[in-house]
Amino acid sequence: MNFSEDILQQIEDYLNGTMTKAQTFAFETQIKENADLAKALGINKKMRLQYSDEEWDFVKDYKNRKKINELEVLLKSNELQDKKKAIQNAGDLYFNKVKPENEIRRNKSLPFLAIAASIVLLIGYFTFFNNDLTNQEIYAQHNSWEELPSLVSRSETNSSLLSNGESAFINKDYKLAEEHFNAYVSNKKEVNINALLYLGVSQLELENYNSALKSFQKIIDSNTLDQSKGYWYKALVYLKMDDEKNTINTLNSIVKDSKNFNFVKAEKLLKELN
Amino acid sequence: MKNQSVYLKALVKGDTNQILKIYEASFPNVKRFVFQNKGNQADAEDVFQKALMQLTVRYKKEKFEIKSSFEAYLFTVCKNLWRRKLNKSKNEVTIDGVIELKSEERDIAMSVLEQERWEFFQEKLELISDNCKEILKRFFKKIAYKDIAKELGYNDENVVRQRVFKCKSKLSQMIKEDIRFKELKEL
(Lines give C-alpha, C1' and ligand atoms only; values in the text may rest on other atoms or scores of the structure.)
Protein backbone atom coordinates (compact mmCIF):
# COMPACT_ATOMS: atom_id res chain seq x y z
CA MET A 1 0.00 0.00 0.00
CA ASN A 2 1.27 3.47 -0.90
CA PHE A 3 0.95 6.22 1.64
CA SER A 4 0.98 9.94 1.05
CA GLU A 5 4.14 11.81 1.91
CA ASP A 6 2.29 13.36 4.74
CA ILE A 7 1.57 10.01 6.35
CA LEU A 8 5.12 8.82 5.72
CA GLN A 9 6.37 11.92 7.45
CA GLN A 10 4.06 11.23 10.36
CA ILE A 11 5.58 7.77 10.74
CA GLU A 12 9.00 9.40 10.90
CA ASP A 13 7.91 12.00 13.41
CA TYR A 14 6.24 9.37 15.54
CA LEU A 15 9.36 7.20 15.62
CA ASN A 16 11.58 10.22 16.19
CA GLY A 17 9.38 11.21 19.10
CA THR A 18 8.92 14.70 17.76
CA MET A 19 5.09 14.76 17.78
CA THR A 20 3.11 16.80 20.26
CA LYS A 21 0.87 14.93 22.68
CA ALA A 22 -2.21 15.70 20.59
CA GLN A 23 -0.50 14.56 17.38
CA THR A 24 0.65 11.37 19.03
CA PHE A 25 -2.84 10.61 20.26
CA ALA A 26 -4.37 11.26 16.83
CA PHE A 27 -1.73 9.11 15.13
CA GLU A 28 -2.16 6.23 17.54
CA THR A 29 -5.89 6.32 16.93
CA GLN A 30 -5.23 6.03 13.22
CA ILE A 31 -2.95 3.06 13.79
CA LYS A 32 -5.66 1.22 15.65
CA GLU A 33 -8.09 1.74 12.80
CA ASN A 34 -5.77 1.17 9.90
CA ALA A 35 -4.02 -2.19 9.81
CA ASP A 36 -1.92 -1.23 6.79
CA LEU A 37 -0.63 1.80 8.59
CA ALA A 38 0.14 -0.30 11.64
CA LYS A 39 2.13 -2.68 9.42
CA ALA A 40 4.00 0.17 7.78
CA LEU A 41 4.87 1.58 11.16
CA GLY A 42 6.00 -1.84 12.34
CA ILE A 43 8.37 -2.43 9.47
CA ASN A 44 9.78 1.08 9.74
CA LYS A 45 10.48 0.52 13.39
CA LYS A 46 12.14 -2.77 12.58
CA MET A 47 14.32 -1.29 9.85
CA ARG A 48 15.49 1.45 12.16
CA LEU A 49 16.54 -1.11 14.75
CA GLN A 50 18.09 -3.53 12.28
CA TYR A 51 20.07 -0.97 10.32
CA SER A 52 21.14 1.08 13.30
CA ASP A 53 24.82 1.24 14.15
CA GLU A 54 24.21 1.52 17.83
CA GLU A 55 21.14 -0.37 18.86
CA TRP A 56 20.57 -4.08 18.82
CA ASP A 57 17.39 -5.98 18.02
CA PHE A 58 17.01 -8.65 20.69
CA VAL A 59 14.81 -11.69 20.10
CA LYS A 60 12.03 -12.35 22.55
CA ASP A 61 12.51 -15.42 24.65
CA TYR A 62 8.79 -16.12 25.05
CA LYS A 63 8.17 -15.96 21.31
CA ASN A 64 10.97 -18.30 20.37
CA ARG A 65 11.07 -20.91 23.09
CA LYS A 66 11.31 -23.85 20.74
CA LYS A 67 14.13 -22.57 18.57
CA ILE A 68 16.09 -21.24 21.50
CA ASN A 69 15.62 -24.44 23.48
CA GLU A 70 16.87 -26.55 20.59
CA LEU A 71 20.00 -24.48 20.23
CA GLU A 72 20.53 -24.38 23.97
CA VAL A 73 20.32 -28.15 24.23
CA LEU A 74 22.78 -28.50 21.37
CA LEU A 75 25.16 -26.00 22.99
CA LYS A 76 24.98 -27.82 26.30
CA SER A 77 25.61 -31.22 24.77
CA ASN A 78 28.89 -32.91 25.58
CA GLU A 79 29.90 -32.61 21.97
CA LEU A 80 29.57 -28.84 21.82
CA GLN A 81 31.04 -28.40 25.29
CA ASP A 82 34.07 -30.23 23.96
CA LYS A 83 34.25 -27.79 21.05
CA LYS A 84 34.06 -24.98 23.54
CA LYS A 85 37.01 -26.48 25.34
CA ALA A 86 38.92 -26.66 22.07
CA ILE A 87 38.20 -22.97 21.46
CA GLN A 88 39.28 -22.11 24.99
CA ASN A 89 42.45 -24.13 24.58
CA ALA A 90 43.25 -22.35 21.34
CA GLY A 91 42.64 -19.04 23.10
CA ASP A 92 44.91 -20.05 25.98
CA LEU A 93 47.62 -21.09 23.56
CA TYR A 94 47.27 -17.85 21.66
CA PHE A 95 47.32 -15.57 24.66
CA ASN A 96 50.16 -17.43 26.36
CA LYS A 97 52.11 -17.29 23.17
CA VAL A 98 51.64 -13.57 22.84
CA LYS A 99 52.34 -12.68 26.46
CA PRO A 100 55.65 -14.44 27.18
CA GLU A 101 57.18 -12.91 24.05
CA ASN A 102 56.45 -9.46 25.40
CA GLU A 103 57.86 -10.40 28.74
CA ILE A 104 61.06 -11.79 27.31
CA ARG A 105 61.55 -8.58 25.41
CA ARG A 106 61.03 -6.57 28.55
CA ASN A 107 63.30 -8.77 30.58
CA LYS A 108 66.25 -8.16 28.31
CA SER A 109 66.66 -4.73 29.74
CA LEU A 110 66.46 -5.92 33.32
CA PRO A 111 69.54 -6.56 35.44
CA PHE A 112 70.57 -10.13 36.01
CA LEU A 113 69.24 -10.34 39.53
CA ALA A 114 65.74 -9.43 38.48
CA ILE A 115 65.79 -12.16 35.87
CA ALA A 116 67.06 -14.65 38.41
CA ALA A 117 64.34 -13.58 40.81
CA SER A 118 61.64 -14.01 38.21
CA ILE A 119 62.92 -17.45 37.38
CA VAL A 120 62.79 -18.39 41.04
CA LEU A 121 59.21 -17.16 41.18
CA LEU A 122 58.40 -19.00 38.02
CA ILE A 123 59.75 -22.36 39.05
CA GLY A 124 58.35 -22.05 42.51
CA TYR A 125 59.78 -21.12 45.82
CA PHE A 126 59.76 -24.52 47.41
CA THR A 127 61.63 -26.42 44.73
CA PHE A 128 64.65 -24.24 45.45
CA PHE A 129 64.66 -24.07 49.17
CA ASN A 130 62.60 -26.89 50.53
CA ASN A 131 63.87 -30.09 49.11
CA ASP A 132 63.25 -31.89 52.34
CA LEU A 133 59.49 -31.35 52.47
CA THR A 134 57.36 -34.23 53.60
CA ASN A 135 54.59 -35.47 51.36
CA GLN A 136 52.06 -33.89 53.68
CA GLU A 137 53.76 -30.55 53.32
CA ILE A 138 53.84 -30.85 49.59
CA TYR A 139 50.18 -31.77 49.64
CA ALA A 140 49.43 -28.69 51.74
CA GLN A 141 50.88 -26.55 48.99
CA HIS A 142 48.50 -27.98 46.42
CA ASN A 143 45.24 -28.24 48.26
CA SER A 144 44.05 -24.69 47.74
CA TRP A 145 40.74 -25.39 46.09
CA GLU A 146 40.19 -21.87 44.87
CA GLU A 147 41.09 -22.97 41.37
CA LEU A 148 37.92 -25.05 41.18
CA PRO A 149 35.47 -23.42 38.77
CA SER A 150 32.32 -21.91 40.22
CA LEU A 151 29.11 -23.82 39.63
CA VAL A 152 26.67 -21.11 40.55
CA SER A 153 26.03 -19.61 37.13
CA ARG A 154 24.66 -22.80 35.64
CA SER A 155 20.96 -22.80 35.19
CA GLU A 156 19.64 -26.29 35.04
CA THR A 157 17.44 -28.58 37.01
CA ASN A 158 19.01 -29.80 40.22
CA SER A 159 20.99 -26.59 40.28
CA SER A 160 20.03 -26.01 43.90
CA LEU A 161 22.03 -29.12 44.74
CA LEU A 162 24.99 -27.60 42.98
CA SER A 163 24.74 -24.16 44.50
CA ASN A 164 24.02 -25.49 48.00
CA GLY A 165 26.88 -27.91 47.59
CA GLU A 166 29.18 -25.16 46.50
CA SER A 167 28.33 -22.88 49.39
CA ALA A 168 28.77 -25.73 51.86
CA PHE A 169 32.12 -26.38 50.20
CA ILE A 170 33.18 -22.77 50.52
CA ASN A 171 32.21 -22.88 54.19
CA LYS A 172 34.39 -25.97 54.49
CA ASP A 173 31.38 -28.06 55.52
CA TYR A 174 32.63 -30.95 53.43
CA LYS A 175 30.16 -33.41 54.84
CA LEU A 176 27.17 -31.39 53.68
CA ALA A 177 28.94 -30.60 50.40
CA GLU A 178 29.55 -34.29 49.82
CA GLU A 179 25.87 -35.07 50.38
CA HIS A 180 24.72 -32.46 47.88
CA PHE A 181 27.20 -33.36 45.17
CA ASN A 182 26.62 -37.04 45.67
CA ALA A 183 22.88 -36.55 45.21
CA TYR A 184 23.52 -34.44 42.12
CA VAL A 185 25.97 -36.84 40.49
CA SER A 186 23.87 -39.94 41.11
CA ASN A 187 20.80 -38.23 39.65
CA LYS A 188 22.52 -37.24 36.45
CA LYS A 189 22.93 -39.49 33.47
CA GLU A 190 25.63 -37.42 31.83
CA VAL A 191 28.91 -36.65 33.49
CA ASN A 192 29.38 -33.25 35.05
CA ILE A 193 33.11 -32.91 35.50
CA ASN A 194 32.91 -29.95 37.83
CA ALA A 195 30.40 -31.60 40.13
CA LEU A 196 32.63 -34.67 40.25
CA LEU A 197 35.61 -32.49 41.11
CA TYR A 198 33.77 -30.93 44.01
CA LEU A 199 32.50 -34.30 45.14
CA GLY A 200 35.96 -35.87 45.01
CA VAL A 201 37.66 -33.00 46.78
CA SER A 202 34.99 -33.03 49.51
CA GLN A 203 35.62 -36.74 49.98
CA LEU A 204 39.34 -36.13 50.03
CA GLU A 205 38.94 -33.49 52.71
CA LEU A 206 36.80 -35.93 54.72
CA GLU A 207 39.59 -38.48 54.24
CA ASN A 208 37.27 -40.89 52.46
CA TYR A 209 40.12 -41.71 50.17
CA ASN A 210 38.55 -44.62 48.35
CA SER A 211 35.43 -42.65 47.47
CA ALA A 212 37.58 -39.75 46.35
CA LEU A 213 39.64 -42.01 44.12
CA LYS A 214 36.46 -43.39 42.61
CA SER A 215 35.06 -39.94 41.89
CA PHE A 216 38.24 -38.85 40.18
CA GLN A 217 38.43 -42.10 38.26
CA LYS A 218 35.01 -41.21 36.81
CA ILE A 219 36.54 -38.03 35.47
CA ILE A 220 39.38 -40.00 33.90
CA ASP A 221 36.88 -42.38 32.33
CA SER A 222 34.67 -39.56 31.08
CA ASN A 223 36.24 -39.23 27.66
CA THR A 224 35.96 -35.43 27.74
CA LEU A 225 38.73 -32.93 27.22
CA ASP A 226 38.75 -32.34 30.97
CA GLN A 227 39.51 -35.96 31.54
CA SER A 228 43.13 -35.34 32.56
CA LYS A 229 42.00 -33.30 35.56
CA GLY A 230 41.10 -36.63 37.11
CA TYR A 231 44.76 -37.69 37.18
CA TRP A 232 45.87 -34.55 38.92
CA TYR A 233 43.37 -34.83 41.73
CA LYS A 234 43.90 -38.54 42.03
CA ALA A 235 47.60 -37.82 42.49
CA LEU A 236 46.74 -35.43 45.31
CA VAL A 237 44.72 -38.15 47.03
CA TYR A 238 47.66 -40.54 46.91
CA LEU A 239 49.93 -37.78 48.11
CA LYS A 240 47.72 -37.16 51.09
CA MET A 241 47.66 -40.90 51.75
CA ASP A 242 51.47 -40.89 51.69
CA ASP A 243 51.31 -43.42 48.90
CA GLU A 244 54.32 -42.22 46.97
CA LYS A 245 54.38 -45.01 44.44
CA ASN A 246 50.87 -44.38 43.23
CA THR A 247 51.37 -40.62 43.34
CA ILE A 248 54.30 -40.96 40.97
CA ASN A 249 52.44 -43.41 38.73
CA THR A 250 49.50 -41.06 38.43
CA LEU A 251 51.64 -38.01 37.80
CA ASN A 252 53.42 -39.96 35.10
CA SER A 253 50.09 -40.23 33.27
CA ILE A 254 49.91 -36.44 33.23
CA VAL A 255 53.41 -35.77 31.92
CA LYS A 256 52.81 -38.05 28.96
CA ASP A 257 51.01 -35.25 27.15
CA SER A 258 51.75 -31.55 27.49
CA LYS A 259 48.11 -30.77 26.86
CA ASN A 260 47.12 -32.47 30.09
CA PHE A 261 45.82 -30.49 33.02
CA ASN A 262 48.59 -29.13 35.26
CA PHE A 263 51.30 -30.63 33.07
CA VAL A 264 53.97 -28.23 34.35
CA LYS A 265 52.97 -28.63 37.98
CA ALA A 266 53.04 -32.39 37.59
CA GLU A 267 56.57 -32.29 36.18
CA LYS A 268 57.70 -30.17 39.09
CA LEU A 269 56.03 -32.37 41.62
CA LEU A 270 57.65 -35.44 40.12
CA LYS A 271 61.06 -33.82 40.46
CA GLU A 272 60.37 -33.08 44.10
CA LEU A 273 59.27 -36.60 44.82
CA ASN A 274 62.15 -38.31 43.05
CA MET B 1 37.66 -18.54 -1.19
CA LYS B 2 38.63 -21.76 0.36
CA ASN B 3 39.37 -20.86 3.96
CA GLN B 4 35.79 -20.19 5.06
CA SER B 5 34.68 -23.76 5.14
CA VAL B 6 38.11 -24.91 6.33
CA TYR B 7 37.73 -22.79 9.44
CA LEU B 8 34.08 -23.66 9.95
CA LYS B 9 34.94 -27.33 9.74
CA ALA B 10 37.84 -26.85 12.15
CA LEU B 11 35.43 -25.34 14.65
CA VAL B 12 32.99 -28.18 14.32
CA LYS B 13 35.82 -30.68 14.67
CA GLY B 14 37.32 -28.86 17.63
CA ASP B 15 40.68 -28.65 15.89
CA THR B 16 42.68 -26.54 18.34
CA ASN B 17 45.58 -25.90 15.95
CA GLN B 18 43.33 -24.50 13.24
CA ILE B 19 41.36 -22.48 15.77
CA LEU B 20 44.65 -21.02 16.98
CA LYS B 21 45.16 -19.80 13.41
CA ILE B 22 41.78 -18.07 13.58
CA TYR B 23 42.93 -16.28 16.72
CA GLU B 24 46.16 -15.27 15.05
CA ALA B 25 44.44 -13.91 11.97
CA SER B 26 41.46 -12.19 13.54
CA PHE B 27 41.84 -11.44 17.21
CA PRO B 28 44.00 -8.28 16.87
CA ASN B 29 41.35 -6.53 14.76
CA VAL B 30 38.54 -7.52 17.06
CA LYS B 31 40.52 -6.37 20.06
CA ARG B 32 41.15 -3.01 18.45
CA PHE B 33 37.46 -2.60 17.75
CA VAL B 34 36.40 -3.52 21.28
CA PHE B 35 39.00 -1.22 22.81
CA GLN B 36 37.79 1.65 20.63
CA ASN B 37 34.27 1.01 21.87
CA LYS B 38 34.50 1.12 25.63
CA GLY B 39 35.75 -2.44 26.10
CA ASN B 40 38.85 -4.06 27.59
CA GLN B 41 40.97 -7.17 27.03
CA ALA B 42 38.58 -9.48 28.89
CA ASP B 43 35.65 -8.16 26.84
CA ALA B 44 37.53 -8.75 23.60
CA GLU B 45 38.43 -12.30 24.58
CA ASP B 46 34.87 -13.02 25.66
CA VAL B 47 33.31 -11.65 22.49
CA PHE B 48 35.76 -13.56 20.33
CA GLN B 49 35.12 -16.84 22.07
CA LYS B 50 31.35 -16.38 21.93
CA ALA B 51 31.54 -15.53 18.25
CA LEU B 52 33.41 -18.77 17.59
CA MET B 53 30.85 -20.71 19.63
CA GLN B 54 28.09 -19.04 17.66
CA LEU B 55 29.63 -20.08 14.35
CA THR B 56 30.21 -23.59 15.67
CA VAL B 57 26.64 -24.16 16.74
CA ARG B 58 25.23 -22.61 13.58
CA TYR B 59 27.39 -24.74 11.35
CA LYS B 60 26.61 -27.80 13.42
CA LYS B 61 22.90 -27.12 13.17
CA GLU B 62 22.95 -26.43 9.47
CA LYS B 63 25.85 -25.92 7.12
CA PHE B 64 25.99 -22.43 5.66
CA GLU B 65 28.21 -20.53 3.31
CA ILE B 66 30.12 -17.40 4.03
CA LYS B 67 30.16 -15.07 1.06
CA SER B 68 32.90 -12.73 2.21
CA SER B 69 36.24 -13.80 3.66
CA PHE B 70 36.11 -15.73 6.90
CA GLU B 71 37.97 -12.94 8.70
CA ALA B 72 35.53 -10.26 7.56
CA TYR B 73 32.59 -12.39 8.50
CA LEU B 74 33.94 -13.21 11.94
CA PHE B 75 34.68 -9.55 12.49
CA THR B 76 31.07 -8.65 11.75
CA VAL B 77 29.80 -11.30 14.14
CA CYS B 78 32.10 -9.96 16.86
CA LYS B 79 31.00 -6.41 16.18
CA ASN B 80 27.37 -7.41 16.52
CA LEU B 81 28.03 -9.35 19.70
CA TRP B 82 29.78 -6.37 21.19
CA ARG B 83 26.96 -4.03 20.20
CA ARG B 84 24.57 -6.52 21.71
CA LYS B 85 26.54 -6.58 24.95
CA LEU B 86 26.58 -2.80 25.19
CA ASN B 87 22.83 -2.59 24.65
CA LYS B 88 22.22 -5.43 27.01
CA SER B 89 23.88 -3.83 29.98
CA LYS B 90 21.90 -0.72 29.14
CA ASN B 91 18.69 -2.77 29.17
CA GLU B 92 19.55 -4.61 32.33
CA VAL B 93 20.11 -1.42 34.24
CA THR B 94 16.88 0.19 33.17
CA ILE B 95 14.34 -2.63 33.46
CA ASP B 96 13.25 -2.41 37.08
CA GLY B 97 16.68 -3.42 38.23
CA VAL B 98 15.78 -7.03 37.49
CA ILE B 99 18.44 -9.01 35.72
CA GLU B 100 17.16 -12.11 34.03
CA LEU B 101 19.14 -15.17 34.94
CA LYS B 102 20.06 -17.01 31.79
CA SER B 103 22.64 -19.65 31.07
CA GLU B 104 25.48 -18.65 28.82
CA GLU B 105 24.32 -21.27 26.35
CA ARG B 106 20.83 -19.82 26.18
CA ASP B 107 22.27 -16.41 25.59
CA ILE B 108 24.42 -17.67 22.73
CA ALA B 109 21.35 -19.46 21.34
CA MET B 110 19.46 -16.18 21.26
CA SER B 111 22.37 -14.37 19.68
CA VAL B 112 22.35 -16.97 16.90
CA LEU B 113 18.75 -16.15 15.98
CA GLU B 114 19.50 -12.45 16.17
CA GLN B 115 22.54 -12.75 13.95
CA GLU B 116 20.59 -14.76 11.37
CA ARG B 117 17.86 -12.16 11.31
CA TRP B 118 20.41 -9.36 11.06
CA GLU B 119 21.98 -11.09 8.07
CA PHE B 120 18.60 -11.34 6.39
CA PHE B 121 18.07 -7.59 6.69
CA GLN B 122 21.60 -6.84 5.45
CA GLU B 123 21.07 -9.10 2.49
CA LYS B 124 17.95 -7.16 1.55
CA LEU B 125 19.73 -3.84 1.83
CA GLU B 126 22.33 -5.11 -0.62
CA LEU B 127 19.61 -5.74 -3.20
CA ILE B 128 18.42 -2.16 -3.69
CA SER B 129 20.17 0.31 -5.99
CA ASP B 130 23.52 1.76 -4.93
CA ASN B 131 22.01 5.19 -4.88
CA CYS B 132 19.27 4.15 -2.48
CA LYS B 133 21.70 2.18 -0.35
CA GLU B 134 23.94 5.19 0.15
CA ILE B 135 21.05 7.39 1.18
CA LEU B 136 19.44 4.85 3.48
CA LYS B 137 22.65 3.88 5.23
CA ARG B 138 23.04 7.51 6.22
CA PHE B 139 19.40 7.88 7.10
CA PHE B 140 19.53 4.92 9.47
CA LYS B 141 22.67 6.35 11.03
CA LYS B 142 20.45 9.32 11.88
CA ILE B 143 22.43 11.76 9.77
CA ALA B 144 20.41 14.93 9.14
CA TYR B 145 18.82 15.34 5.69
CA LYS B 146 20.72 18.51 5.00
CA ASP B 147 24.04 16.79 5.72
CA ILE B 148 23.09 13.88 3.50
CA ALA B 149 22.23 16.40 0.75
CA LYS B 150 25.61 18.04 1.09
CA GLU B 151 27.54 14.81 1.21
CA LEU B 152 25.81 13.10 -1.70
CA GLY B 153 25.31 16.21 -3.82
CA TYR B 154 21.53 16.67 -3.73
CA ASN B 155 20.01 20.11 -4.18
CA ASP B 156 18.30 20.35 -0.83
CA GLU B 157 16.98 18.33 2.05
CA ASN B 158 13.56 18.07 0.50
CA VAL B 159 14.95 16.04 -2.36
CA VAL B 160 16.67 13.81 0.15
CA ARG B 161 13.48 13.38 2.14
CA GLN B 162 11.61 12.24 -0.95
CA ARG B 163 14.42 9.89 -1.91
CA VAL B 164 14.41 8.44 1.59
CA PHE B 165 10.66 7.76 1.37
CA LYS B 166 11.01 6.12 -2.05
CA CYS B 167 14.00 4.01 -1.13
CA LYS B 168 12.54 2.96 2.18
CA SER B 169 9.31 1.78 0.66
CA LYS B 170 11.28 -0.14 -1.97
CA LEU B 171 13.34 -1.78 0.73
CA SER B 172 10.40 -2.60 2.96
CA GLN B 173 8.60 -4.03 -0.06
CA MET B 174 11.48 -6.37 -0.71
CA ILE B 175 11.67 -7.40 2.91
CA LYS B 176 7.97 -8.15 3.09
CA GLU B 177 7.99 -10.12 -0.14
CA ASP B 178 10.63 -12.52 1.09
CA ILE B 179 8.98 -15.61 2.52
CA ARG B 180 11.57 -15.73 5.27
CA PHE B 181 10.29 -12.43 6.61
CA LYS B 182 7.08 -13.94 7.86
CA GLU B 183 9.04 -16.31 10.01
CA LEU B 184 11.61 -13.76 11.11
CA LYS B 185 8.97 -11.23 11.98
CA GLU B 186 7.81 -13.52 14.73
CA LEU B 187 11.17 -13.36 16.41
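We use all heavy atoms of the structure for the numbers below, so side chains are in, but hydrogens, waters and symmetry mates are not. Quick caveat, the model's predicted, so the values are computed rather than measured. In what follows, chains are A, B, ... by sequence order, proteins preceding strands, each numbered from 1.
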What part of [X] gets within 4.5 angstrom of chain B, counting heavy atoms only: side chain, backbone, both, or neither?
| X | result |
| --- | --- |
| A:D82 | neither |
| A:N16 | neither |
| A:E79 | side chain |
| A:I68 | both |

Picking from [options], which has the most non-hydrogen pairs under 4.5 angstrom with chain B?
| options | result |
| --- | --- |
| A:Q9, A:K83, A:Q50 | A:Q50 |
| A:D57, A:L225, A:L80 | A:D57 |
| A:M47, A:E12, A:K85 | A:M47 |
| A:N44, A:V73, A:L49 | A:N44 |

### Query
Between B:F140 and A:Y51, what is the ring plane arrangement, given parallel below 30°, perpendicular above 60°, and tilted in between?
tilted

Please determine whether a side-chain nitrogen of the Lys or Arg among [X] and [Y] lies less than 4.0 Å from a carboxylate oxygen of the Asp or Glu.
| X | Y | answer |
| --- | --- | --- |
| A:D53 | B:R83 | no |
| B:D43 | B:K38 | no |
| B:K61 | B:E116 | yes |
| A:D221 | A:K218 | no |

Does any backbone or side-chain atom of [X] lie under 4.5 Å from a heavy atom of chain A? Answer side chain, backbone, both or neither.
| X | result |
| --- | --- |
| B:L11 | both |
| B:Q122 | both |
| B:S169 | neither |
| B:R58 | neither |

### Message
Cation-pi check for B:Y59 against B:K63: NZ or CZ below 6.0 Å from the six-membered ring centre and within 45 degrees of the axis, yes or no?
### Response
yes

At a heavy-atom distance under 4.5 Å, which candidate from [options] has the highest pair count against chain A?
| options | answer |
| --- | --- |
| B:I108, B:L171, B:V112, B:T56 | B:L171 |
| B:L125, B:D15, B:L136, B:V164 | B:L125 |
| B:I175, B:V12, B:N80 | B:N80 |
| B:K13, B:K79, B:K142 | B:K13 |
| B:W118, B:F48, B:F121 | B:F121 |

### Donor-acceptor side-chain pairing of A:K76 and A:Q81 below 3.5 angstrom
no

### Message
To check you understand the geometry: which heavy-atom pair defines the closest contact between A:N260 and A:S253, and what is its length?
### Response
ND2-O, 3.3 Å

### Query
With ring centroids as reference points, do A:Y184 and A:Y198 lie under 6.0 angstrom apart?
no

### Query
Taking the six-membered ring for Trp, is the centroid-to-centroid distance between B:F27 and A:F95 below 6.0 Å?
yes

### Verdict with supporting geometry, A:E28 and A:Y14, side-chain hydrogen bond (donor to acceptor under 3.5 Å, both in side chains)
CA-CA 9 Å; A:E28 283 174 351; A:Y14 182 74; 2.7 Å; yes

